[in-house]
Amino acid sequence: MSRVTATAARVATSPAVTPSVLAFFLLLYVGIAFGSNEPLTALMAITRGNPALIALLALIPLSGAARLVAETRDFLRRRRALSGAAGIDAGGLFDDEVALPEESAFEEEGKRLEEQGYAVRAGSGSLAARRGLSLFPARVLYLSGMVLLFCGILLSLTGRATHRQVVLEGEALPVSRDLVRGIVLKEEPGLILQRTLDIAVAGEGGGERHFGLYPPGTHRGHYLYPRYLGVAPLLRFSAPELPGGFEQFAVLSIYPPGKEDSFQVPGSPYRFIFQMAPGDGPDPYASGKITLQFRLLKGETQVWAGSANVGGETSGDGYRLALPEFRRAVVTDFVRDAGVPLIWSASALLLLSLCWFVPIRLLWPRQEILVVRHAGAVVARSRAEGGRRAHAGRFHELLDQVHPREGGTP
(Lines give C-alpha, C1' and ligand atoms only; values in the text may rest on other atoms or scores of the structure.)
Protein backbone atom coordinates (compact mmCIF):
# COMPACT_ATOMS: atom_id res chain seq x y z
CA MET A 1 0.00 0.00 0.00
CA SER A 2 1.43 3.39 -1.01
CA ARG A 3 1.87 6.19 1.48
CA VAL A 4 -0.92 8.24 -0.11
CA THR A 5 -3.32 5.29 0.02
CA ALA A 6 -2.39 4.54 3.62
CA THR A 7 -2.92 8.17 4.61
CA ALA A 8 -6.31 8.27 2.85
CA ALA A 9 -7.33 5.06 4.63
CA ARG A 10 -6.33 6.49 8.03
CA VAL A 11 -8.29 9.67 7.37
CA ALA A 12 -11.36 7.78 6.10
CA THR A 13 -11.45 5.51 9.15
CA SER A 14 -10.70 8.24 11.66
CA PRO A 15 -13.38 8.67 14.37
CA ALA A 16 -12.78 12.43 14.12
CA VAL A 17 -14.44 12.74 10.68
CA THR A 18 -18.05 12.69 11.89
CA PRO A 19 -17.68 15.13 14.83
CA SER A 20 -15.56 17.47 12.69
CA VAL A 21 -18.17 17.65 9.91
CA LEU A 22 -21.02 18.04 12.40
CA ALA A 23 -19.10 20.78 14.23
CA PHE A 24 -18.71 22.67 10.93
CA PHE A 25 -22.46 22.49 10.24
CA LEU A 26 -23.19 23.54 13.83
CA LEU A 27 -21.02 26.64 13.40
CA LEU A 28 -22.76 27.35 10.10
CA TYR A 29 -26.13 26.97 11.83
CA VAL A 30 -25.09 29.40 14.59
CA GLY A 31 -23.95 31.93 11.99
CA ILE A 32 -27.23 31.66 10.08
CA ALA A 33 -29.22 32.02 13.32
CA PHE A 34 -27.99 35.62 13.69
CA GLY A 35 -29.73 36.63 10.47
CA SER A 36 -32.70 34.27 10.13
CA ASN A 37 -35.78 33.44 12.16
CA GLU A 38 -35.72 29.86 10.83
CA PRO A 39 -32.03 28.91 10.84
CA LEU A 40 -32.60 25.19 10.36
CA THR A 41 -34.77 25.72 7.27
CA ALA A 42 -32.23 28.19 5.91
CA LEU A 43 -29.35 25.80 6.58
CA MET A 44 -31.15 23.00 4.73
CA ALA A 45 -31.84 25.31 1.78
CA ILE A 46 -28.21 26.48 1.62
CA THR A 47 -26.88 22.93 1.85
CA ARG A 48 -29.34 21.66 -0.77
CA GLY A 49 -28.08 24.20 -3.29
CA ASN A 50 -24.36 23.91 -2.56
CA PRO A 51 -22.50 20.90 -4.04
CA ALA A 52 -19.49 21.52 -1.78
CA LEU A 53 -21.64 21.26 1.37
CA ILE A 54 -23.38 18.16 0.02
CA ALA A 55 -19.96 16.58 -0.61
CA LEU A 56 -18.82 17.55 2.88
CA LEU A 57 -21.91 15.96 4.45
CA ALA A 58 -21.36 12.85 2.33
CA LEU A 59 -18.04 12.32 4.14
CA ILE A 60 -19.97 11.07 7.19
CA PRO A 61 -21.57 7.97 5.58
CA LEU A 62 -18.40 7.32 3.56
CA SER A 63 -16.32 7.41 6.74
CA GLY A 64 -18.86 5.22 8.53
CA ALA A 65 -18.69 2.63 5.74
CA ALA A 66 -14.88 2.69 5.79
CA ARG A 67 -14.84 2.27 9.58
CA LEU A 68 -17.31 -0.61 9.32
CA VAL A 69 -15.03 -2.40 6.84
CA ALA A 70 -11.90 -1.70 8.91
CA GLU A 71 -13.46 -2.80 12.21
CA THR A 72 -14.87 -5.97 10.63
CA ARG A 73 -11.43 -6.79 9.23
CA ASP A 74 -9.74 -6.20 12.60
CA PHE A 75 -12.37 -8.24 14.44
CA LEU A 76 -11.92 -11.22 12.12
CA ARG A 77 -8.11 -11.00 12.33
CA ARG A 78 -8.22 -10.78 16.12
CA ARG A 79 -10.61 -13.73 16.29
CA ARG A 80 -8.33 -15.84 14.09
CA ALA A 81 -5.32 -14.86 16.19
CA LEU A 82 -7.09 -15.92 19.40
CA SER A 83 -8.12 -19.20 17.80
CA GLY A 84 -4.47 -20.02 17.07
CA ALA A 85 -4.44 -19.52 13.29
CA ALA A 86 -0.93 -19.29 11.88
CA GLY A 87 0.46 -16.32 10.01
CA ILE A 88 -1.77 -13.67 11.66
CA ASP A 89 -0.06 -10.38 12.45
CA ALA A 90 -1.83 -9.20 15.61
CA GLY A 91 0.00 -5.88 15.74
CA GLY A 92 -2.38 -3.00 16.39
CA LEU A 93 -5.31 -5.28 17.20
CA PHE A 94 -4.99 -5.05 21.00
CA ASP A 95 -4.85 -2.19 23.48
CA ASP A 96 -1.58 -3.18 25.20
CA GLU A 97 1.42 -4.93 23.72
CA VAL A 98 4.51 -6.01 25.71
CA ALA A 99 7.67 -7.63 24.30
CA LEU A 100 9.26 -10.19 26.64
CA PRO A 101 12.53 -12.14 26.44
CA GLU A 102 12.48 -15.40 24.48
CA GLU A 103 13.08 -17.48 27.59
CA SER A 104 9.89 -16.23 29.26
CA ALA A 105 7.74 -19.24 30.22
CA PHE A 106 4.00 -18.68 29.96
CA GLU A 107 2.62 -22.12 29.10
CA GLU A 108 1.58 -22.86 32.70
CA GLU A 109 -0.38 -19.62 33.17
CA GLY A 110 -3.47 -20.99 31.45
CA LYS A 111 -4.73 -22.76 34.58
CA ARG A 112 -4.57 -19.62 36.67
CA LEU A 113 -6.47 -17.68 33.98
CA GLU A 114 -9.13 -20.40 33.86
CA GLU A 115 -9.61 -19.99 37.62
CA GLN A 116 -10.25 -16.27 36.99
CA GLY A 117 -13.08 -17.06 34.57
CA TYR A 118 -11.28 -16.97 31.24
CA ALA A 119 -11.77 -19.51 28.46
CA VAL A 120 -8.23 -20.58 27.65
CA ARG A 121 -6.76 -22.04 24.49
CA ALA A 122 -3.14 -23.21 24.78
CA GLY A 123 -1.21 -24.15 21.65
CA SER A 124 2.33 -24.65 20.55
CA GLY A 125 4.05 -21.40 21.44
CA SER A 126 0.85 -19.48 22.19
CA LEU A 127 -1.67 -18.86 24.93
CA ALA A 128 -5.05 -17.21 24.34
CA ALA A 129 -7.58 -16.33 27.03
CA ARG A 130 -10.93 -14.58 26.68
CA ARG A 131 -14.05 -13.93 28.71
CA GLY A 132 -17.34 -12.10 28.21
CA LEU A 133 -19.17 -11.16 25.01
CA SER A 134 -17.95 -8.88 22.27
CA LEU A 135 -19.39 -5.44 21.54
CA PHE A 136 -18.64 -5.96 17.85
CA PRO A 137 -22.33 -6.63 16.94
CA ALA A 138 -23.26 -3.34 18.62
CA ARG A 139 -20.53 -1.56 16.65
CA VAL A 140 -21.79 -3.07 13.39
CA LEU A 141 -25.34 -1.97 14.16
CA TYR A 142 -24.19 1.50 15.22
CA LEU A 143 -22.00 2.15 12.18
CA SER A 144 -24.61 0.71 9.81
CA GLY A 145 -27.22 2.95 11.45
CA MET A 146 -25.02 6.03 11.03
CA VAL A 147 -24.40 5.21 7.37
CA LEU A 148 -28.13 4.77 6.70
CA LEU A 149 -29.02 7.86 8.73
CA PHE A 150 -26.79 10.24 6.80
CA CYS A 151 -27.54 8.57 3.47
CA GLY A 152 -31.20 9.23 4.28
CA ILE A 153 -30.42 12.85 5.17
CA LEU A 154 -28.54 13.30 1.90
CA LEU A 155 -31.42 11.82 -0.10
CA SER A 156 -33.89 14.05 1.73
CA LEU A 157 -31.81 17.16 1.07
CA THR A 158 -31.29 16.48 -2.62
CA GLY A 159 -34.52 14.76 -3.66
CA ARG A 160 -37.28 15.86 -1.29
CA ALA A 161 -40.37 17.36 -2.95
CA THR A 162 -43.01 19.07 -0.78
CA HIS A 163 -46.48 20.31 -1.74
CA ARG A 164 -48.51 22.13 0.91
CA GLN A 165 -52.24 21.51 0.51
CA VAL A 166 -55.42 21.89 2.56
CA VAL A 167 -57.11 18.72 3.78
CA LEU A 168 -60.78 19.58 4.24
CA GLU A 169 -63.63 17.58 5.71
CA GLY A 170 -66.07 16.44 3.08
CA GLU A 171 -63.58 16.93 0.25
CA ALA A 172 -61.20 14.57 -1.52
CA LEU A 173 -57.54 14.37 -0.55
CA PRO A 174 -55.48 16.62 -2.84
CA VAL A 175 -53.45 13.66 -4.16
CA SER A 176 -56.38 11.31 -4.81
CA ARG A 177 -60.15 11.00 -4.89
CA ASP A 178 -60.33 9.40 -1.45
CA LEU A 179 -62.86 11.28 0.69
CA VAL A 180 -61.95 12.91 4.01
CA ARG A 181 -64.76 11.79 6.30
CA GLY A 182 -63.72 13.59 9.44
CA ILE A 183 -60.99 15.43 11.34
CA VAL A 184 -60.98 14.98 15.10
CA LEU A 185 -58.75 16.69 17.68
CA LYS A 186 -58.81 15.12 21.14
CA GLU A 187 -57.28 15.93 24.51
CA GLU A 188 -55.53 12.59 24.96
CA PRO A 189 -52.04 13.07 26.44
CA GLY A 190 -49.54 10.52 25.17
CA LEU A 191 -45.86 9.81 25.72
CA ILE A 192 -44.82 12.82 23.64
CA LEU A 193 -47.84 14.87 22.57
CA GLN A 194 -50.66 16.24 24.71
CA ARG A 195 -53.28 15.94 21.96
CA THR A 196 -54.13 13.51 19.20
CA LEU A 197 -55.30 14.32 15.71
CA ASP A 198 -57.20 11.79 13.63
CA ILE A 199 -57.91 12.30 9.93
CA ALA A 200 -60.34 9.62 8.72
CA VAL A 201 -60.18 8.96 4.97
CA ALA A 202 -62.56 6.70 3.06
CA GLY A 203 -60.76 4.87 0.27
CA GLU A 204 -62.05 5.15 -3.27
CA GLY A 205 -62.14 1.37 -3.49
CA GLY A 206 -63.62 0.89 0.00
CA GLY A 207 -62.24 0.75 3.52
CA GLU A 208 -61.05 3.56 5.75
CA ARG A 209 -57.59 4.82 6.74
CA HIS A 210 -56.56 7.08 9.59
CA PHE A 211 -53.74 9.62 9.66
CA GLY A 212 -52.37 11.32 12.75
CA LEU A 213 -49.74 13.80 13.80
CA TYR A 214 -46.85 11.39 14.17
CA PRO A 215 -45.42 9.21 12.78
CA PRO A 216 -46.36 10.47 9.31
CA GLY A 217 -48.75 8.32 7.34
CA THR A 218 -48.20 7.42 3.70
CA HIS A 219 -50.67 7.75 0.86
CA ARG A 220 -49.89 6.99 -2.78
CA GLY A 221 -46.18 7.62 -2.42
CA HIS A 222 -46.57 10.75 -0.26
CA TYR A 223 -45.87 11.22 3.43
CA LEU A 224 -48.52 13.32 5.18
CA TYR A 225 -47.21 15.88 7.68
CA PRO A 226 -50.02 17.93 9.30
CA ARG A 227 -48.70 21.45 9.91
CA TYR A 228 -51.51 23.81 10.92
CA LEU A 229 -55.12 23.41 11.97
CA GLY A 230 -57.84 25.58 10.57
CA VAL A 231 -61.56 25.88 9.99
CA ALA A 232 -63.60 26.45 6.85
CA PRO A 233 -66.88 28.19 7.74
CA LEU A 234 -69.54 28.62 5.07
CA LEU A 235 -69.72 32.41 4.59
CA ARG A 236 -72.99 33.99 3.52
CA PHE A 237 -72.26 37.67 3.13
CA SER A 238 -74.29 40.54 1.79
CA ALA A 239 -73.44 44.25 1.52
CA PRO A 240 -74.95 47.33 -0.12
CA GLU A 241 -72.69 46.80 -3.14
CA LEU A 242 -73.52 43.05 -3.17
CA PRO A 243 -77.31 42.86 -3.19
CA GLY A 244 -77.21 39.29 -4.49
CA GLY A 245 -74.92 38.24 -1.65
CA PHE A 246 -72.02 35.86 -1.65
CA GLU A 247 -71.68 32.28 -0.40
CA GLN A 248 -68.52 30.17 -0.15
CA PHE A 249 -66.48 28.00 2.22
CA ALA A 250 -63.49 30.01 3.39
CA VAL A 251 -60.43 28.09 4.62
CA LEU A 252 -59.01 30.02 7.56
CA SER A 253 -55.78 29.18 9.37
CA ILE A 254 -56.88 30.67 12.70
CA TYR A 255 -55.98 27.96 15.21
CA PRO A 256 -54.97 28.28 18.01
CA PRO A 257 -57.30 31.05 19.19
CA GLY A 258 -55.77 34.47 18.75
CA LYS A 259 -54.23 33.72 15.36
CA GLU A 260 -55.52 35.86 12.48
CA ASP A 261 -56.22 35.06 8.84
CA SER A 262 -57.87 37.02 6.05
CA PHE A 263 -60.34 36.22 3.29
CA GLN A 264 -60.88 38.35 0.19
CA VAL A 265 -64.46 38.31 -1.09
CA PRO A 266 -64.04 37.52 -4.81
CA GLY A 267 -65.02 40.24 -7.26
CA SER A 268 -65.42 42.87 -4.55
CA PRO A 269 -63.35 45.37 -2.54
CA TYR A 270 -64.26 43.61 0.73
CA ARG A 271 -61.80 41.66 2.82
CA PHE A 272 -62.52 39.91 6.13
CA ILE A 273 -59.93 39.47 8.88
CA PHE A 274 -60.99 36.61 11.14
CA GLN A 275 -59.84 35.45 14.55
CA MET A 276 -61.06 32.54 16.66
CA ALA A 277 -62.24 33.79 20.04
CA PRO A 278 -60.72 31.92 23.01
CA GLY A 279 -63.18 30.14 25.27
CA ASP A 280 -63.20 29.23 28.94
CA GLY A 281 -64.44 25.68 28.32
CA PRO A 282 -63.27 22.88 26.03
CA ASP A 283 -61.02 23.57 23.09
CA PRO A 284 -63.22 25.21 20.42
CA TYR A 285 -61.63 23.25 17.55
CA ALA A 286 -62.26 19.95 19.31
CA SER A 287 -65.77 20.82 20.57
CA GLY A 288 -66.99 22.68 17.47
CA LYS A 289 -68.29 25.55 19.62
CA ILE A 290 -66.52 28.29 17.70
CA THR A 291 -66.97 32.04 17.85
CA LEU A 292 -65.33 34.07 15.09
CA GLN A 293 -64.33 37.66 15.69
CA PHE A 294 -64.00 39.64 12.48
CA ARG A 295 -63.20 42.97 10.91
CA LEU A 296 -64.48 43.92 7.46
CA LEU A 297 -62.28 46.13 5.31
CA LYS A 298 -63.30 47.91 2.15
CA GLY A 299 -60.02 48.57 0.48
CA GLU A 300 -57.88 49.63 3.41
CA THR A 301 -60.73 51.14 5.46
CA GLN A 302 -62.51 49.20 8.18
CA VAL A 303 -66.27 49.49 7.66
CA TRP A 304 -67.62 46.89 10.09
CA ALA A 305 -66.55 44.70 13.02
CA GLY A 306 -68.20 42.17 15.24
CA SER A 307 -68.40 38.48 16.14
CA ALA A 308 -70.60 35.55 15.25
CA ASN A 309 -71.02 32.00 16.48
CA VAL A 310 -70.65 29.24 13.93
CA GLY A 311 -74.24 28.22 13.22
CA GLY A 312 -75.50 31.77 13.73
CA GLU A 313 -75.43 35.14 12.02
CA THR A 314 -74.95 38.84 12.70
CA SER A 315 -75.76 42.11 10.90
CA GLY A 316 -75.17 45.85 11.18
CA ASP A 317 -74.46 48.99 9.17
CA GLY A 318 -76.10 47.47 6.10
CA TYR A 319 -73.96 44.31 6.21
CA ARG A 320 -74.99 40.77 7.05
CA LEU A 321 -72.81 37.74 7.79
CA ALA A 322 -74.17 34.25 8.39
CA LEU A 323 -72.10 31.17 9.34
CA PRO A 324 -74.56 28.28 8.99
CA GLU A 325 -71.90 25.51 9.15
CA PHE A 326 -68.20 24.84 9.13
CA ARG A 327 -65.70 22.15 8.29
CA ARG A 328 -62.42 21.40 10.01
CA ALA A 329 -59.27 21.74 7.94
CA VAL A 330 -55.62 20.75 8.25
CA VAL A 331 -52.88 22.46 6.28
CA THR A 332 -50.74 19.46 5.34
CA ASP A 333 -47.40 18.91 3.64
CA PHE A 334 -47.54 16.11 1.06
CA VAL A 335 -43.95 14.99 0.79
CA ARG A 336 -42.11 12.63 -1.54
CA ASP A 337 -38.92 11.71 0.27
CA ALA A 338 -36.78 8.67 -0.54
CA GLY A 339 -34.66 9.30 2.56
CA VAL A 340 -37.39 8.62 5.13
CA PRO A 341 -37.21 4.77 4.97
CA LEU A 342 -33.45 4.96 5.45
CA ILE A 343 -33.80 7.30 8.43
CA TRP A 344 -36.39 5.04 10.08
CA SER A 345 -34.21 1.98 9.41
CA ALA A 346 -31.26 3.81 10.93
CA SER A 347 -33.30 4.59 14.04
CA ALA A 348 -34.12 0.90 14.46
CA LEU A 349 -30.47 -0.13 14.04
CA LEU A 350 -29.25 2.49 16.51
CA LEU A 351 -31.83 1.33 19.05
CA LEU A 352 -30.77 -2.30 18.61
CA SER A 353 -27.15 -1.25 19.00
CA LEU A 354 -27.94 0.44 22.30
CA CYS A 355 -29.90 -2.60 23.51
CA TRP A 356 -26.87 -4.81 22.84
CA PHE A 357 -24.24 -2.38 24.10
CA VAL A 358 -25.64 -1.49 27.52
CA PRO A 359 -26.15 -4.95 29.09
CA ILE A 360 -23.02 -6.46 27.53
CA ARG A 361 -20.87 -3.51 28.55
CA LEU A 362 -22.15 -3.60 32.13
CA LEU A 363 -22.52 -7.35 32.76
CA TRP A 364 -20.36 -9.38 30.35
CA PRO A 365 -17.60 -7.14 28.98
CA ARG A 366 -15.16 -8.71 26.56
CA GLN A 367 -11.58 -9.20 27.84
CA GLU A 368 -8.80 -10.85 25.84
CA ILE A 369 -5.18 -11.90 26.42
CA LEU A 370 -2.86 -13.31 23.76
CA VAL A 371 0.72 -14.44 24.40
CA VAL A 372 2.70 -15.68 21.38
CA ARG A 373 6.29 -16.86 20.98
CA HIS A 374 7.77 -16.08 17.57
CA ALA A 375 10.83 -14.57 15.88
CA GLY A 376 13.06 -14.98 18.92
CA ALA A 377 10.75 -13.14 21.31
CA VAL A 378 7.57 -13.45 23.33
CA VAL A 379 4.84 -10.88 22.76
CA ALA A 380 1.98 -10.47 25.24
CA ARG A 381 -1.12 -8.55 24.18
CA SER A 382 -4.20 -7.48 26.09
CA ARG A 383 -7.54 -5.88 25.23
CA ALA A 384 -10.66 -5.05 27.25
CA GLU A 385 -14.03 -3.55 26.24
CA GLY A 386 -15.08 -3.12 29.86
CA GLY A 387 -13.73 -3.77 33.34
CA ARG A 388 -10.39 -2.44 32.16
CA ARG A 389 -8.86 -1.90 35.59
CA ALA A 390 -9.49 -5.44 36.83
CA HIS A 391 -8.43 -6.92 33.51
CA ALA A 392 -5.26 -4.84 33.43
CA GLY A 393 -4.43 -6.08 36.94
CA ARG A 394 -4.75 -9.69 35.84
CA PHE A 395 -2.69 -9.03 32.71
CA HIS A 396 0.13 -7.40 34.67
CA GLU A 397 0.01 -10.23 37.20
CA LEU A 398 0.54 -12.66 34.31
CA LEU A 399 3.51 -10.58 33.13
CA ASP A 400 4.99 -10.66 36.63
CA GLN A 401 4.67 -14.43 36.70
CA VAL A 402 6.19 -14.85 33.23
CA HIS A 403 9.12 -12.43 33.71
CA PRO A 404 9.36 -11.49 37.39
CA ARG A 405 12.66 -9.62 37.21
CA GLU A 406 11.27 -6.86 34.99
CA GLY A 407 7.83 -6.96 36.55
CA GLY A 408 6.05 -7.06 33.20
CA THR A 409 5.96 -3.30 32.96
CA PRO A 410 5.26 -2.12 29.44
Side-chain angles (χ1 to χ4, degrees), residues 1-76 92-93 95 134-162 214-216 223 225 333 335-358 361 385:
M1 182 181 294
S2 67
R3 181 177 299 179
V4 174
T5 304
T7 302
R10 284 197 301 270
V11 172
T13 57
S14 172
V17 171
T18 297
S20 297
V21 174
L22 293 180
F24 173 82
F25 278 95
L26 177 61
L27 292 175
L28 186 58
Y29 173 85
V30 172
I32 294 173
F34 284 104
S36 173
N37 292 328
E38 296 184 357
L40 181 58
T41 302
L43 176 61
M44 292 173 64
I46 292 172
T47 304
R48 184 180 296 112
N50 192 312
L53 292 179
I54 290 291
L56 182 63
L57 189 61
L59 290 178
I60 296 180
L62 290 175
S63 174
R67 289 173 63 190
L68 180 59
V69 171
E71 293 195 19
T72 300
R73 179 198 61 202
D74 290 348
F75 171 78
L76 294 176
L93 300 179
D95 299 331
S134 176
L135 292 178
F136 177 70
R139 291 291 299 168
V140 169
L141 291 171
Y142 169 76
L143 291 173
S144 300
M146 292 297 289
V147 170
L148 289 181
L149 174 63
F150 283 94
C151 284
I153 291 174
L154 283 170
L155 285 176
S156 293
L157 283 174
T158 56
R160 180 186 179 103
T162 302
Y214 203 81
Y223 294 94
Y225 292 90
D333 286 346
V335 180
R336 286 190 179 273
D337 191 344
V340 171
L342 296 182
I343 293 174
W344 278 101
S345 299
S347 301
L349 291 180
L350 293 173
L351 180 60
L352 289 174
S353 173
L354 184 65
C355 291
W356 180 276
F357 177 86
V358 173
R361 180 66 172 77
E385 295 177 342

Between atom [atom1] of [X] and atom [atom2] of [Y], what is the distance when rounded to the nearest 0.5 Å?
X: E71; Y: L143; atom1: CD; atom2: CG; value: 5.0 Å
X: I60; Y: C151; atom1: CD1; atom2: SG; value: 10.5 Å
X: T162; Y: R336; atom1: OG1; atom2: CZ; value: 11.5 Å
X: S353; Y: L349; atom1: OG; atom2: CG; value: 8.5 Å
X: F75; Y: L135; atom1: CZ; atom2: CG; value: 10.5 Å

Quick one: closest heavy-atom pair of [X] and [Y], and the distance?
X: V335; Y: Y225; result: CG2-CD1, 3.7 Å
X: F24; Y: L53; result: CE2-CD2, 3.6 Å
X: V147; Y: A65; result: CG2-N, 3.5 Å
X: L342; Y: L155; result: CD1-CD1, 3.5 Å
X: I32; Y: A42; result: CG2-CB, 3.7 Å
X: T13; Y: A70; result: CG2-CB, 3.9 Å

Student check: side-chain heavy atoms of [X] and [Y] closer than 4.5 Å:
X: L148; Y: I343; value: no
X: F34; Y: P39; value: no
X: R67; Y: M146; value: no
X: S144; Y: V140; value: yes
X: L56; Y: F25; value: yes
X: L154; Y: L57; value: yes
X: F150; Y: L22; value: yes
X: I153; Y: L157; value: yes

Heavy-atom donor-acceptor pair, [X] side chain to [Y] backbone, under 3.5 Å:
X: S14; Y: R10; answer: no
X: S63; Y: L59; answer: no
X: T47; Y: L43; answer: yes
X: R361; Y: E385; answer: yes

Would F357 and L141 count as a side-chain contact (heavy atoms from CB on, under 4.5 Å) if you check the C-alpha gap in whole Å, the side-chain angles of each, and the deciding distance to 0.1 Å? CA-CA 10 Å; F357 177 86; L141 291 171; over 6 Å; no
Worked verdict on D337 versus S156 for side-chain hydrogen bond (donor to acceptor under 3.5 Å, both in side chains): CA-CA 6 Å; D337 191 344; S156 293; 2.8 Å; yes
